[in-house]
Amino acid sequence: MTQTPACPPPLPEAEAEDGTEVNTEAENQTDNQTDNQTDNPAENPAENPDGTENPDGTEAEADLEPAPPAPALTPGQAFDALYAFAAPALVRQTYLLTGRRELARESVERAFQLAWQRWPEVAVDRDPAGWVRAAAYEYAMSPWHRLRLRHRTPEPPPAALDDRRLLSVLLSLPPAYRRTVLLYDGLGIGLPETAAETEASTPAAAGRLLHAREVVAARVPELADPGELRLRLTELGSKESLRTAAKPVVVRSGSERRARRWTRAAIAFTVLLIGSTAFTLRTAPDHYEAPQAPAATISGVPPRSGSGPLSEEEQEIRAKLRSMFQNGPERLRPELR
């Protein structure tokens with residue numbers, strides 16, 4: 001009977017060149033079993049098929065579901081937020097443009113009323129505050145305000161002497177130059193954006209800005225530095241006690257009332273136009289009538305006169321005619337004499 005050779009003893013663990021030990025075959029089998037259990041959730045008793053751990057004290061996986069989105073603002077809420085953010089600063093800016101406190105407040109309210117009427121357009125604009133600012137500036141600098149009685153007399157100037165000088169210099173500039181220096185030096189808006197808002201090219205806006213700075217530096221030398229000018233413009237708008245605009249609810253209701261009035265006026269004008277057109281079509285002539293020639297006096301024609309009394313000869317002829325035969329051949333064949 002042949003003797004089966006005994007199994008050789010396990011080989012000792014080999015060492016790598018860097019001194020670390022190499023895993024034995026038994027350790028490799030253990031690692032493979034652990035990986036298989038991890039890859040197959042059905043064989044892993046610590047986890048459920050849906051990927052979450054059983055409530056046996058083990059940790060639960062992080063919830064990967066996205067958080068619910070924040071509730072969207074209504075148009076009224078979005079308008080109120082924009083009004084609260086931009087209205088106070090716009091009142092100060094329009095005061096620097098016009099030098100009139102009530103006109104500044106009125107311009108801001110009109111601009112926000114227009115924004116509420118066109119809210120679908122303003123809401124998707126990349127700069128809603130800039131849209132309202134442009135509308136407020138356009139209304140504030142309209143030349144039609146000169147015809148209003150209350151705007152023919154100047155308002156009281158600022159109390160401080162330096163503020164009066166600066167405001168006087170600003171108001172002496174042309175409207176386009178005043179608006180350019182306020183946007184660039186007062187608000188810090190870039191030159192291309194300033195040119196776009198003032199509806200001018202970039203070189204034209206740069207020329208207006210340089211000219212406005214020269215005028216300001218000539219009359220107020222301490223404001224030759226643009227940084228100092230920006231600081232003084234901000235302080236001038238903040239020092240004045242300006243009456244804030246109305247509440248956003250009042251502005252929205254005023255905008256809606258104005259829109260209803262304009263709609264009714266447009267309907268009334270349309271009805272009047274249709275009525276006048278129908279009346280014209282009803283009463284106008286439907287064919288051409290030649291104009292009558294003017295009367296003229298003709299010479300050489302005797303005047304018309306009525307018949308007078310008959311003479312004796314005419315009376316004899318009349319009697320003879322009456323005595324002649326009314327019937328008979330004599331009327332057909334006159335007698336020749």
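All residue numbers in this chain count up from 1 along the given sequence. This is a predicted model, so every value here is computed, not measured.
- R118 pairs by the side-chain hydrogen bond (donor to acceptor under 3.5 Å, both in side chains) definition with nothing, not counting sequence neighbours.
- Other residues sharing the hydrophobic cluster of W144, ordered by chain and number and joined by side-chain separations under 4.5 Å: L147.
- Residues passing the salt bridge (charged side-chain N to carboxylate O under 4.0 Å, His left out) test with R133 are E197, sequence neighbours excluded.
- Under the salt bridge (charged side-chain N to carboxylate O under 4.0 Å, His left out) criterion, D163 pairs with R232, K239, sequence neighbours left out.
- Screening residues 281-297 for side-chain hydrogen bond (donor to acceptor under 3.5 Å, both in side chains), with sequence neighbours left out, gives H287-E289.
- The closest side-chain heavy-atom distance from L229 to V181 is below 4.5 Å.
- Side-chain atoms of R178 do not come within 3.5 Å of backbone N or O of L96 as any donor-acceptor pair.
- Scored by the ring-ring contact (aromatic ring centres under 6.0 Å, His included) test, F112 finds F79, Y83 as partners (sequence neighbours excluded).
- Hydrophobic clustering, defined by side-chain heavy atoms of Ile, Leu, Val, Met, Phe, Trp and Tyr closer than 4.5 Å, leaves W262 isolated from every other such residue.
- Sequence neighbours left out, the pairs with a member in residues 122-143 that pass ring-ring contact (aromatic ring centres under 6.0 Å, His included) are Y139-H145.
- Counting only heavy atoms from C-beta outward, the side chains of L233 and L187 never approach each other to under 4.5 Å.
- Under the salt bridge (charged side-chain N to carboxylate O under 4.0 Å, His left out) criterion, E155 pairs with R101, sequence neighbours left out.
- The shortest side-chain heavy-atom distance between D162 and V220 does not fall under the 4.5 Å cut-off.
- Take R179 and apply the side-chain hydrogen bond (donor to acceptor under 3.5 Å, both in side chains) test, not counting sequence neighbours, and it matches E138.
- Applying the salt bridge (charged side-chain N to carboxylate O under 4.0 Å, His left out) criterion to E106, with sequence neighbours excluded, gives R148, R150.
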Review point. Given the rule in the side-chain contact (heavy atoms from CB on, under 4.5 Å) test, do L173 and T180 qualify, once you have shown the distances and angles that lead to the verdict?
Key: CA-CA 10 Å; L173 294 173; T180 301; over 6 Å; no
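- Residues satisfying the side-chain contact (heavy atoms from CB on, under 4.5 Å) test with S201, not counting sequence neighbours, are P203, A204.
- Under a 4.0 Å N-O distance rule, the pair K320/E316 does not qualify as a salt bridge.
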